[in-house]
Amino acid sequence: MKILFNFKHPSRGHKIDFRPIAAMWLIGFVLSFAAICLISYLFHDSIEPSDWNEQLKKLIPRENITLRHRSEGWGDSRFGKYGICGIDDLAKYRCPKILIWGDSYVQALQMDDKYKMAQVFTRNWKSEDGGRHELLAASIAFGGTNIADYYFMMPYYQKTAGNPICNFIFLHSFADVSADVPGISNAVFSSKPEFNLKFNYIEPVMWKQDLIQQMSNLGMDFLWFLYKDINSYELNFRLETFEQKKGHKKVEKGSKFFEIKKPNAKMVESWDFLMKKLKEVSTVPIVFVYCPDLPQVTKDETILDDSQKDSVPEFRKICKKNNIDLIDMTPDFTDFYKSTHIFPRGFQNSWPYGGHINRYGHVLTSKAIQNYMEEHIDALYPD
Amino acid sequence: MLFTQIEFFILFAGVIIFLLLVKNHRAQKIFLLLFSYYFYAYWDWRFLFLLLGSTCIDYTIGIALEKSKSPVERKFLIVASLITNLGVLCLFKYFNFFIDNLRPILESFGFRPTNLSLILPIGISFYTFQSLSYTIDVYRRTIKPCKDFFDLALCIAFFPQLVAGPIVRASYFMPQIRRPREMTLLNAYYGFRLVVYGLFKKVFIADNIAMFVDDVFGKPGMYSCTTTWLAVLAYAVQIYCDFSGYSDMAIGMARIMGYKFRMNFNLPYISSNMSEFWQRWHISLSSWLRDYLYISLGGNRLGTVRTYVNLMLTMLLGGLWHGAAWTFILWGALHGAALAVQRIFSFKRLFAETKASQFASSTLGWALTFFAVLIGWVFFRSQGFTASFLTLRQMFFPSEGIIWYHPFVIGVIIAMFIFHLVHALEHEKIFHLGPFQLRSPAILFTMLWLIIVFHPKTFNPFIYFQF
């Protein structure tokens, strides 16, 4: 130790021995790495190692992984078997089930499992039903999926659940039920040459998943995000004009970047097609749960006006035509905000009024599902 | 090109390697000049010609000023430099502002003025002032004109300080350019340390609170009283960290290359009066305004009233320098008024000469100064007077609004308060990271990791780029 740190200050005219300085910097780097591992464990999102599901032909979150989400909200989500949050093994439970299908809004990594709509429903149903009709709610939700994905996933999860009695499909954007929307999921819903659904098989790279698992075990999740950032960064050394530089803005994919305000005839036709396809694979009644993007906050006021409201009546007609019920959450969200001035979307560490639905939004949605089930329990519940 | 871009770090590493390998001083200077031009042209290559043109004109005028013996001719030359430099600045920055404000008058005379659709060349406010400091110093015979065009060009276009300062005067920088520099390990360490500080302030702090500040200021009156106050405090932190962070990086990079720049920010938020604030905030600009504007107007040599007029005028123009909008002018006016009030009235006289009283007067002075600065920032940041007054109304006469207590923002404000308090109490040694201290690399690397891991996903340009 004495030799290691026995360096002399250059201003006193001595020659510098670089070995201790190099050692000091090396130790400093190691200490800093340990510090960032700890800090990122507490404050950074963790990574999601996945497993290949041969029947679904897709990657689903690995069993017994706890995912930490910190960038929006603050949640720990534990994945059970089959990639489902908050339920260790769906097949283990013998009671009738309702399946709530959705994307990141239902997967809700922004909060702990106990606050998610499925878990809230199960808890409240148990306490209010008095045990007459035992029921378990399970969220079949993966970020980035759209309704077309559920066509391919439904047979598998219905079989796994064993005895579902209703499929609730959470919908927040009508782009999710429309054809030709650029997406990031496996299902491709196209209108050419005629409406069709295709499964986009993506070859898994399993060594990557194992590497992700190892990094997660060692608390180095942040390195994976760093790798993704560096991988997606496009170096540009070209001299251009200001306008040319602005033109390089990336086009984001996914339905949330594709807004539908007023549906046209072709869009409505695509909804009809998709609903028919869903009915082909669903063994139980389907109910759409529409969650509007409100309230919205502008420069001057809070608007209780859904930007997609013009699509709702048309969508309701198509649902009715296909014998599918629709729960429109617009009055619930509106009344909730009016009475409490609390936003059902948003989180303090991201946006207080926008983004994914928060705890309040999940409570409202689970309540709406619960009301539906109370109304239809006799028709749906098995004898 | 931005200091926070990966491309810049790759190229800067290349610059350092070149400077280490190529020992010829002239070759190094020409390389630095070419790289500086590339750095500037990266944003928009068309505006490189403006920079070149300004340099050529001032080089010529500098030489002519030395040759000329006639006072009239010398005056003509310096006026020519002022008109050229300020003319270009006014055209790009203020033309539309003046047209919009004078439109009713012009139309009454039968004119139909149209706005020009011009992009504001990046850094024009900075390099214009830098260039003017050269010609004015030559005119005042403070310095000799530069005979070597490349030296002057490098002095004006040197990439660390080109687009957002500090405004480094030729009288200070030129001697360093002329003599061969020394790239030492100690300079490299101090420079690296400053760059890390700057990056940390800009990327980790300023960029991560920008989203919060932008939304609250973008929707004035929609947020609750406490949220609005939080946003104003956050903006004070953001603009300080953004701007001083850039300055730190600029000074740090120059230090690595062997050039020494003076500090541009010296913890302005611990100031106990407005004069002290302007001795600590954007020091290169405030000293430029003092030496080339305030003193040229007469300073405090022409009586009390004229002193206040000169002070006010300097601050008004200082506000206008920041942007073509009445809110910037009002910001300047507020600071000018605060400086004037400070001259007239010093409440230190109200306090006894005891230690406790001195502490009380300093604390009161600090509180009032900080409060005045915060109010000024409301105008500085807001998009117009209506937005400013809506924000102020929500601060002092609040109505119901959205509550947003962003945890990171609150954490940063508390941390900054503690940091400044420690400095105010003169215990800053605990933050010192010397080159031979064991903790220095650990802390510096940790700051780098925090920058890399917690960088925001959305792009945030440096605030002072818009000036």
Side-chain angles (χ1 to χ4, degrees), chain A residues 5 7-11 16 18 20-21 23-37 39-40 43-44 71 74 221-223 225-226 229-230 233 235-245 249 295 297-302 341-343 346-354, chain B residues 1 5-7 10-11 38 41-48 119-122 184-186 189 211-212 215 218-223 227 383 387 390 400-410 434-450 452-455 457 459:
Chain A
F5 297 114
F7 45 75
K8 300 181 196 313
H9 197 288
S11 67
I16 288 184
F18 286 109
I21 295 173
M24 186 176 80
W25 282 81
L26 188 61
I27 293 169
F29 180 81
V30 169
L31 286 173
S32 72
F33 191 80
I36 196 63
C37 284
I39 295 168
S40 71
F43 298 108
H44 200 273
S71 51
W74 183 284
D221 306 64
F222 65 94
L223 286 178
F225 288 101
L226 202 55
D229 282 344
I230 292 169
Y233 191 87
L235 287 172
N236 179 14
F237 293 100
R238 290 189 302 272
L239 292 180
E240 295 167 323
T241 63
F242 182 68
E243 289 87 359
Q244 284 171 326
K245 281 238 169 352
K249 207 175 168 194
V297 177
T298 66
K299 219 173 78 163
D300 308 300
E301 56 183 336
T302 303
H341 286 257
I342 295 173
F343 292 91
F347 301 85
Q348 291 287 292
N349 65 345
S350 54
W351 299 99
Y353 54 81
Chain B
M1 189 174 278
Q5 274 178 261
I6 295 177
E7 288 90 338
I10 295 171
L11 291 172
Y38 168 80
Y42 185 87
W43 175 77
D44 190 322
W45 58 265
R46 296 171 297 181
F47 293 108
L48 182 61
I119 304 166
L120 180 64
I122 200 169
T184 65
L185 274 176
L186 260 183
Y189 170 76
M211 171 200 95
F212 172 80
D215 204 68
K219 298 178 172 75
M222 291 301 295
Y223 286 92
T227 302
Q383 303 286 336
L390 277 171
E400 207 187 326
I402 302 168
I403 293 172
W404 190 5
Y405 301 143
H406 198 298
F408 182 77
V409 170
I410 293 171
F436 302 103
Q437 283 177 284
L438 204 52
R439 64 181 183 184
S440 301
I443 292 174
L444 290 172
F445 278 133
T446 303
M447 289 168 84
L448 275 174
W449 277 118
L450 285 170
I452 292 166
V453 172
F454 291 98
H455 71 275
K457 302 294 175 238
F459 164 71

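We name chains A, B, ... by the order of the sequence lines, and we start the count at 1 in each one.
The two residues A/Asn236 and B/Glu7 come nearest to each other via the heavy atoms N-OE2, 2.8 Å. B/Pro441 approaches A/Met24 most closely through the heavy-atom pair CG-O, 3.7 Å. Shortest non-hydrogen contact noted between A/Asp229 and B/His455 is OD2-CE1, 3.1 Å. Annotation for A/Glu243 and B/Arg46: closest pair OE1-NH2, 3.0 Å, computed over non-hydrogen atoms. The shortest heavy-atom contact between A/Val297 and B/Met222 is CG1-CE, 4.0 Å. B/Phe445 and A/Gly28 make their closest contact through CD1-C, 4.0 Å (heavy atoms, listed as atom of the first residue, atom of the second, distance).
Chain B forms more heavy-atom pairs under 4.5 Å with one residue of A/Phe222, A/Phe29, A/Phe43 than with any other, namely A/Phe29. Comparing B/Thr184, B/Leu390, B/Ile402 by how many heavy-atom pairs each has under 4.5 Å with chain A, the most go to B/Ile402. In terms of heavy-atom pairs under 4.5 angstrom with chain B, the leader among A/Leu31, A/Thr241, A/Asn349 is A/Thr241. Chain B forms the most heavy-atom pairs under 4.5 Å with one residue out of A/Phe237, A/Phe33, A/Phe347, A/Phe343, and that residue is A/Phe237.
The aromatic rings of A/Tyr353 and B/Tyr223 sit tilted, their planes meeting at an angle between 30° and 60°. Between A/Phe242 and B/Trp43, the two ring planes are tilted [angle within 30° to 60°]. B/Phe454 and A/His44 have perpendicular rings, their planes meeting at more than 60° on a 0 to 90° scale where under 30° would count as parallel. Ring pair A/Trp351/B/Trp404 is tilted by interplanar angle, where 30° to 60° counts as tilted.
Atom-to-atom distance recorded for B/Tyr42:OH and A/Glu240:CD is 7.5 Å, nearest 0.5 angstrom. Here CE of B/Met447 is found 12.0 Å from OG of A/Ser32. Values are rounded to the nearest 0.5 Å.
Only the side chain of A/Leu223 comes within contact range of chain B, with heavy atoms under 4.5 Å apart. With a 4.5 Å cut-off on non-hydrogen atoms, B/Ile443 does not touch chain A at all. Of the atoms belonging to B/Phe408, not a single heavy atom falls under 4.5 Å from chain A. Contacts of B/Ile452 with chain A are made by both backbone and side-chain atoms, with heavy-atom separations under 4.5 Å. Using a 4.5 Å cut-off between heavy atoms, A/Leu239 contacts chain B through both its backbone and its side chain. For B/Leu11, the part lying under 4.5 angstrom from a heavy atom of chain A is the side chain only. Heavy atoms closer than 4.5 Å to chain B are found in the backbone of A/Ser350, but not in its side chain. Using a 4.5 Å cut-off between heavy atoms, B/Tyr38 contacts chain A through both its backbone and its side chain.
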task = Any chance you could lay out the side chain to side chain contact (heavy atoms under 4.5 Å, CB included) test for A/Ile36 and B/Leu450, step after step, and finish with the verdict?
result = CA-CA 7 Å; A/Ile36 196 63; B/Leu450 285 170; 3.8 Å; yes
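Residue-environment remark: CD (A/Gln244) exceeds the threshold of 12 foreign heavy atoms within 6.0 Å. Atom CH2 of B/Trp45 sits in a sparse spot, with 12 or fewer heavy atoms from other residues, nucleotides or ligands closer than 6.0 Å.
Two residues are said to be in side-chain contact when any heavy atoms from C-beta on lie closer than 4.5 Å; B/Gln5 and A/Tyr233 meet this criterion. Put simply, the side chain of A/Ile39 does not reach to within 4.5 Å of the side chain of B/Trp449, judged on heavy atoms.
At distances below 3.5 Å, at least one donor-acceptor pair connects side-chain atoms of A/Gln348 with backbone N or O atoms of B/Tyr405.
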